[in-house]
There are 2 protein chains.
Amino acid sequence: MSEALSILNEDDLADVADFRGDGSRKPYFTIGELAKEFDCTLRTLRFYEDKGLINPKRDGMNRVYSRRDRARLKLVLMGKRVGFSLTEIRDMLDLYDLKDGQVTQLRVALNRFNGQISVLEKQRDDIEQAIAELSRTVAVVAGLLRQKEAEEAESEGLLSAASALD
Amino acid sequence: MSEALSILNEDDLADVADFRGDGSRKPYFTIGELAKEFDCTLRTLRFYEDKGLINPKRDGMNRVYSRRDRARLKLVLMGKRVGFSLTEIRDMLDLYDLKDGQVTQLRVALNRFNGQISVLEKQRDDIEQAIAELSRTVAVVAGLLRQKEAEEAESEGLLSAASALD
DNA sequence: CTTTTAGCTTACGTTCACGTCAAGGTCCAG
DNA sequence: CTGGACCTTGACGTGAACGTAAGCTAAAAG
């Protein structure tokens, strides 16, 4: 089992992003620690292992998670938040450790990476559109609210229906 | 059944975004038309109706979708792409047609809108991070590939099995 | 007039992503 | 040495989001 090329290992990626001021630089984690840190259940972590998303070592029976495992988990949860399935996430993670440096393999990987990027860009645009829409609506509602509040303060009388757009 | 206030109806929102040069300004759609347009199944549309996401009128037995229904469907699919559950989406859609103009209701709605906005912003940031990460990786892999190709061109030795696309 | 097309309802099946017991192993404090 | 705390592997259950098949109606097309 050649541990392969591993272009960029997640240690680097996540450890950079996750630089901690405090001195907690633990190299290994138990399943319970990770579950608590990322607010998921033990079952979930075992399930992810079952699906090949994480590969913790063993100390006897017990799972031992490296920083790499932890970083991968982080990516998994990120992926989930933005709507990817676990299998999609596994495929994406697998791209990170290509099994060899064959030229054709690299080409395939590149294509898939780029594909993934455009998917993500589309997704981001969708979200931005949604944000814009919501913001506009917020503005309108806020205006309406101020108006209502003014009315309410002014006349303590009857309420008439004020609008009907359709 | 007072059809209520409906602060911003989706007609406006989506019709703006969806301004078509051609003159196809159909006011009503069949289930099949919508299914084809948005590339989903009839079952899906009926399912969404069951879940209260869309409310087509009926012509006898047959469903008749208005532009409003169509716009809502669009929002549903957008929501799905960015990882929301159908119930979350329904809640968000419900915010669009508030049942009355009570001040407290408006306040509640405003809060939920703003909450939704920050969720979306977080999501967008996640995605942007992922894109950045992937782009960096692409750069690295592309460099590696160029290097490999150069090596290969240099020594015209043996042809080892070059492909295996499983 | 039959067949195709499009739609309907009812209802069971499926996949994903876990939840929830059940039944037990290991180690440490009291 | 006994009770927690923490871990293990099954295995069945569950909610979400549909798929799929069966059997019916109504209209259009050949």
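To find a chain, count down the sequence lines: A is the first, B the second, and so on, and within it residues start at 1. All heavy atoms count here, side chains included; hydrogens, waters and symmetry mates do not.
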What is the distance from [atom1] of [X] to [atom2] of [N], rounded to the nearest Å?
X	N	atom1	atom2	result
A:K57	D:dT8	NZ	C1'	19 Å
A:R58	D:dT8	CZ	C1'	8 Å
B:Y65	C:dA6	OH	P	16 Å
A:D50	C:dC16	CG	C1'	13 Å
B:L45	C:dA6	CG	P	15 Å

Nucleotide N/O of nucleotides 5-7 of chain D paired with protein N/O under 3.5 Å:
| unit_1 | atom_1 | unit_2 | atom_2 | d |
| --- | --- | --- | --- | --- |
| D:dC7 | OP1 | A:T30 | OG1 | 2.9 |
| D:dC7 | OP1 | A:G32 | N | 3.2 |

Using nucleotides 24-30 of chain D, report all nitrogen or oxygen pairs with the protein that are shorter than 3.5 Å.
none

Any non-hydrogen side-chain atom of B:Y48 less than 4.5 Å from a side-chain atom of B:I89?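 No; the side chains remain at least 4.5 Å from each other.
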Are any side-chain N or O atoms of [X] and backbone N or O atoms of [Y], one a donor and one an acceptor, separated by less than 3.5 Å?
X	Y	value
B:R67	B:K26	yes
B:R72	B:L53	yes
B:D91	B:E88	no
B:T137	B:E133	yes

Nearest 0.5 Å, please: how far is CG in B:L134 from CD in B:Q129?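 Going from the CD atom of B:Q129 to the CG atom of B:L134 covers 11.0 Å.
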Any side chain to side chain donor-acceptor pair (under 3.5 Å) pairs touching residues 109-119 of chain B, not counting sequence neighbours?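 Residue pairs with at least one partner in residues 109-119 of chain B: there are none.
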Apply salt bridge (Lys or Arg N to Asp or Glu O under 4.0 Å) to A:E149 and B:R107, showing your working. CA-CA 11 Å; A:E149 284 171 335; B:R107 267 198 256 273; 2.5 Å; yes
Which hydrophobic side chains are connected to B:M78, either touching it within the sub-4.5 Å cutoff or through other members that do?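 Members besides B:M78: none; it forms no cluster.
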Given a cutoff of under 4.5 Å between side-chain heavy atoms of I, L, V, M, F, W and Y, with clusters grown through shared members, what are the other residues clustered with B:Y28?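 Direct or chained contacts put B:Y28 with B:V64.
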Mark up nucleotides 17-27 of chain C, 5' to 3', with B wherever a protein heavy atom is under 4.0 angstrom from a base atom, S wherever such an atom reaches only the sugar-phosphate, and - elsewhere. BBBB-------
Take A:D94 and A:R90 through the salt bridge (Lys or Arg N to Asp or Glu O under 4.0 Å) test and state the conclusion after the steps. CA-CA 6 Å; A:D94 288 351; A:R90 186 175 48 69; 3.5 Å; yes
